[in-house]
There are 2 protein chains.
Amino acid sequence: MKISLDQFDKAFENRIRLQIMSVLVANESYDFNSLKELLELTDGNLASHLKALEKEAYMEVQKSFIGRKPNTRYSVTEKGRAAFKKHLQALENLIKQQKN
Amino acid sequence: MKISLDQFDKAFENRIRLQIMSVLVANESYDFNSLKELLELTDGNLASHLKALEKEAYMEVQKSFIGRKPNTRYSVTEKGRAAFKKHLQALENLIKQQKN
DNA sequence: TGAAAGTGCTTTGATTTTCAAAGTTAATAA
DNA sequence: TTATTAACTTTGAAAATCAAAGCACTTTCA
């Protein structure tokens with residue numbers, strides 16, 4: 001019995017990136033500060049994980065102003081959604097593994 | 001909406017340890033060389049991940065001989081089984097997350 | 001006008017994790 | 001006795017993670 005892990009995505013191995021993605025697939029978009037509070041991260045740390053996901057083109061950024069305040073929102077791309085789904089499928093397969 | 005991650009287990013964040021655990025919960029026991037082949041790892045790498053799980057008392061080792069050959073088998077402990085279950089539950093919660 | 005505070009970063013540096021490769025021990029086989 | 005197999009341990013390098021500090025820009029407050 002062979003475990004297929006070609007579906008497993010290194011970008012989602014990290015707990016924080018997994019959380020970010022799960023927030024983003026469940027919400028149209030999410031802004032920097034809300035994510036920061038939700039995940040209880042320093043902004044540097046959050047920014048670097050966001051950057052990692054952006055580098056894979058799994059999410060994209062929209063910058064705007066709310067009133068006079070800058071507001072950066074993140075949303076998952078189609079590519080990200082597909083990759084995440086695939087990853088979850090890989091986890092599921094792993095778990096539902098049969099006896100050898 | 002708060003994401004509870006107190007259930008999330010750092011020992012299972014790594015892909016390889018996740019694989020090992022899923023093999024061990026699905027099988028009574030599994031031996032070193034079979035695991036090595038299954039997961040396509042160097043023996044040093046496998047041994048170190050096994051050690052990490054053993055350190056948490058998530059699995060235990062039985063050494064014996066098959067014919068004249070030494071054979072090391074690993075099996076999940078009750079603690080390990082419970083921890084793994086809890087971890088999978090955490091993943092599930094994360095994924096089934098509702099909109100904020 | 002000047003100081004403080006907020007937003008969203010980037011940079012830095014330290015710690016931790018991961019991994020392959022090489023070395024090790026102990027047994028058996030040829 | 002030399003080789004081989006099993007199962008590690010050690011070593012060292014690379015990658016990942018993270019907090020803290022620094023930064024650019026803007027707004028708000030005194």
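So you know, we letter chains A, B, ... as the sequences are listed, proteins then strands, and number each from 1. What you are looking at is a predicted structure, and each value in this text was computed from that prediction instead of being measured.
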Under 4.0 Å: is that the gap between some side-chain N or O of B/Thr72 and OP1 or OP2 of D/dA7?
yes
Please confirm whether the shortest side-chain N or O distance from A/Asn71 to OP1 or OP2 of C/dT7 is below 4.0 Å.
no
A/Pro70 side chain, from C-beta outward: closest of C/dT18, D/dT17, C/dT7:
C/dT7
To the nearest angstrom, the NZ-P distance between B/Lys10 and C/dT16 comes to 11 Å
Rounded to whole angstrom units, what separation is found between the NZ atom of A/Lys63 and the C1' atom of C/dG6?
14 Å
Between B/Met59 and B/Leu50, what is the shortest heavy-atom contact and its length?
CE-O, 3.5 Å
Using a cut-off of 4.0 Å on non-hydrogen atoms, how would the nucleic acid contact of B/Leu41 be classed: base, sugar-phosphate, or nothing?
nothing
How long is the line joining CG of A/Leu35 and C1' of C/dT7, in whole Å?
14 Å
Write down the distance between CG (B/Asp31) and C1' (D/dA6), rounded to a whole number of angstrom.
10 Å
A/Lys51 side chain near C/dT10 phosphate (N/O to OP1/OP2, under 4.0 Å):
yes
Base, sugar-phosphate alone, or nothing: which one does A/Arg17 contact when heavy atoms must sit under 4.0 Å apart?
sugar-phosphate
Starting from P on D/dC8, measure out to CZ on B/Arg73 and report it in whole angstrom.
13 Å
Pick base, sugar-phosphate or nothing for A/Leu46, based on heavy-atom distances below 4.0 Å to the nucleic acid.
nothing
To the nearest Å, give me how far apart CD1 (A/Ile66) and C1' (C/dT7) are.
12 Å
Is it the case that the side chain of B/Lys79 and the backbone of B/Glu56 share a donor-acceptor pair, with hydrogens and angles ignored and the cut-off at 3.5 Å?
yes
If we only count heavy atoms from C-beta on, is the A/Leu18 to A/His87 side-chain gap below 4.5 Å?
yes
Does OP1 or OP2 of D/dT17 have a side-chain N or O of A/Ser48 closer than 4.0 Å?
no
Here the distance between atom P of D/dT26 and atom CZ of A/Arg68, to the nearest Å, is 13 Å
B/Thr42 side-chain N/O to C/dA21 phosphate OP1/OP2 under 4.0 Å:
no
Find out whether B/Phe32 and B/Asp43 are in side-chain contact, i.e. whether some heavy atom of one side chain is under 4.5 Å from a heavy atom of the other.
yes
With a cut-off of less than 4.0 Å, is there a side-chain N or O of A/His49 near OP1 or OP2 of D/dA16?
no
Choosing from D/dC8, C/dG8, D/dA19, which nucleotide comes nearest the side chain of A/Asn45?
D/dA19
Short side-chain N/O contact to C/dG8 OP1/OP2 from A/Asn33, under 4.0 Å:
yes
Any idea which of D/dC18, D/dA7, C/dG6 is nearest the A/Lys69 side chain?
C/dG6
Taking for each residue the nucleotide of DNA chain D with the nearest heavy atom, is it A/Ile16 or B/Ala47 whose nucleotide lies nearer the 5' end?
B/Ala47
Using only side-chain N and O atoms of B/Lys36, determine if any of them is under 4.0 Å from OP1 or OP2 of D/dA6.
no
Let me confirm one number: the CD-OG distance from A/Glu60 to A/Ser75, rounded to the nearest 0.5 Å.
5.0 Å
Spacing between A/Arg15 atom CZ and C/dT16 atom P, to the nearest angstrom:
16 Å
Ring centers of B/Phe84, B/Tyr58 separated by less than 6.0 Å:
no
Note: for A/Gly44 and B/Leu50 on DNA chain D, the residue whose nearest nucleotide lies more 5' is B/Leu50
OP1, OP2 of D/dC8 versus side-chain N and O of B/Tyr74: anything below 4.0 Å?
yes
